[in-house]
Number of protein chains: 2
Amino acid sequence: MKMKSGVEQAICILAMLATQEDQKPLKSFVLSQRLQVSDSYLKKMVRKLVVAGLVESSASKEGGFSLAKPSSKMTMLDIFEAIEGKESAIHSSHLAEHVFFTNDSVIKKENEVLNIFYDAERLFKEKLNHFSLDDVLTSHDYEKKSFDWESIAREVN
Amino acid sequence: MKMKSGVEQAICILAMLATQEDQKPLKSFVLSQRLQVSDSYLKKMVRKLVVAGLVESSASKEGGFSLAKPSSKMTMLDIFEAIEGKESAIHSSHLAEHVFFTNDSVIKKENEVLNIFYDAERLFKEKLNHFSLDDVLTSHDYEKKSFDWESIAREVN
DNA sequence: TTGTCCATAGATAATTATTATCCAAGGGTT
DNA sequence: AACCCTTGGATAATAATTATCTATGGACAA
């Protein structure tokens, strides 16, 4: 069981959008350059965030990506599920029903075990749901930074 | 993030050992036949349980595998970690330190985010730790079944 | 209405993790 | 010493993940 590295990338992408001066849309190239991945790959990643309703995109000259809602309304769970998908990490092949003999009592027990794992997963997700992107961006002294990522990108070149 | 299917197999293996008549050691072949995997693969799996201290093995004529401790002392977490390993499912490549600029405040924030995920994982594992193998084997009416898996295997052939 | 710059999307490749098998070597009883 | 078992190394098959390239389609401005 290993969390996808895409979750970390997604958090960084969203953090960049959240700290972008005046919420001006960021072009994919600026993001991909900063994350050091190919532009096409980055677009695939951001697309997931768009589908999940976390990011808005506009395909015009002055377009790019921007946050679809305030970072305070965006939880770590939202980000996690945008990348990992909403399906459970727990999958059963119903092996017990074959190993033991298929009958109601075995099926019931199998579900009991599955539910333990589902419950554990639920606790995991509930925890993530308690924290917003804003929570982790804002400092305790309420200072919030912003950058002009586009010009930073130009400087690097 | 997907739990390994080996965890389900491990639970079935341990359930077989726990329900084996008189705790008589079970040969790998009996287990592998029942789980429908190759004998060598099954041994690899059970080996992990041996290393984790859940199963005892004896390499003699009347040997095989048996539980190393009472099923009431064996938690779902023990089984989970025996197969999945004890390392965290959360891995950071410290991307934020590169995307933003490496300084104490960024590193601190990165750790804050990581800790949210670690905490969530801890809740997941704590939940698993609340349930023993015995909990899920024993029925509410305190009936506990036992089988002679070896002779069942012979019958199937 | 055309050009430009952008996101979208499909096909595909590279890499790594998982699941699984085979076979040779080592250990404990009888 | 013989037997039957587990251990462990090498290896293969499969599937998931991460990543890239190239072609297509959309919005805006001139």
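Labels below follow one simple rule: chain letters A, B, ... track the order of the sequence lines, proteins then strands, and each chain is numbered from 1. No hydrogens, no waters, no symmetry mates; every other heavy atom, side chains included, goes into these values.
We find that NZ of B/K48 is positioned 18 Å from P of D/dT6, with the value rounded to whole Å. If you measure from atom CG of B/L17 to atom C1' of D/dT6, you get 14 Å, rounded to the nearest angstrom. One can place OH of A/Y41 at 16 Å from P of C/dT8, the figure rounded to the nearest angstrom. Counting to the nearest Å, the C1' atom of C/dT19 and the CD atom of B/Q36 are 16 Å from each other. Note: CG (B/L42) to C1' (C/dT21) measures 13 Å, nearest angstrom.
Toward the 5′ end of DNA chain D lies the nearest nucleotide of A/G6, the other residue of the pair A/G6 and A/K43 mapping further downstream. Judged by closest nucleotide on DNA chain D, B/F65 is the one of A/M3 and B/F65 placed further toward the 5' end.
Remark: the B/E8 side chain and the A/S93 side chain contain an N/O donor-acceptor pair separated by less than 3.5 Å.
When each of A/V55, A/V46, A/D78, A/L137 is paired with A/L14, the side chain to side chain contact (heavy atoms under 4.5 Å, CB included) condition holds for A/V55 and for no other.
A continuous path of ILVMFWY side-chain contacts below 4.5 Å connects B/V106 to A/I152, so both sit in one hydrophobic cluster.
Side-chain proximity of A/K4 to C/dA7, D/dG8, D/dT17: nearest is D/dT17. Of the listed nucleotides (C/dT8, C/dA20, C/dT29), C/dA20 has the atom at the smallest distance from the side chain of B/S38. Out of C/dT21, D/dT18, C/dC5, the shortest distance to the side chain of A/K61 is found at C/dC5. For A/S57, whose side chain is taken as the heavy atoms from C-beta onward, the closest listed nucleotide among C/dT8, C/dC6, D/dT7 is C/dT8.
The base of C/dG10 sits within donor-acceptor range of the side chain of A/K44, with an N or O pair under 3.5 Å.
Among the atoms of the strands shown, only primed sugar atoms or phosphate atoms (P, OP1, OP2) are found under 4.0 Å from some heavy atom of B/V37. As judged by a 4.0 angstrom heavy-atom cut-off over every strand, A/Q9 is placed among residues touching the sugar-phosphate backbone only. Base engagement by B/S40 is indicated by at least one non-hydrogen atom pair under 4.0 Å involving a base atom.
Taking 4.0 Å as the cut-off between side-chain N and carboxylate O, B/E87 and A/K2 do not count as a salt-bridged pair.
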Could you walk me through whether B/E121 and B/S88 pass side chain to side chain donor-acceptor pair (under 3.5 Å), step by step? CA-CA 8 Å; B/E121 187 182 34; B/S88 172; 2.7 Å; yes
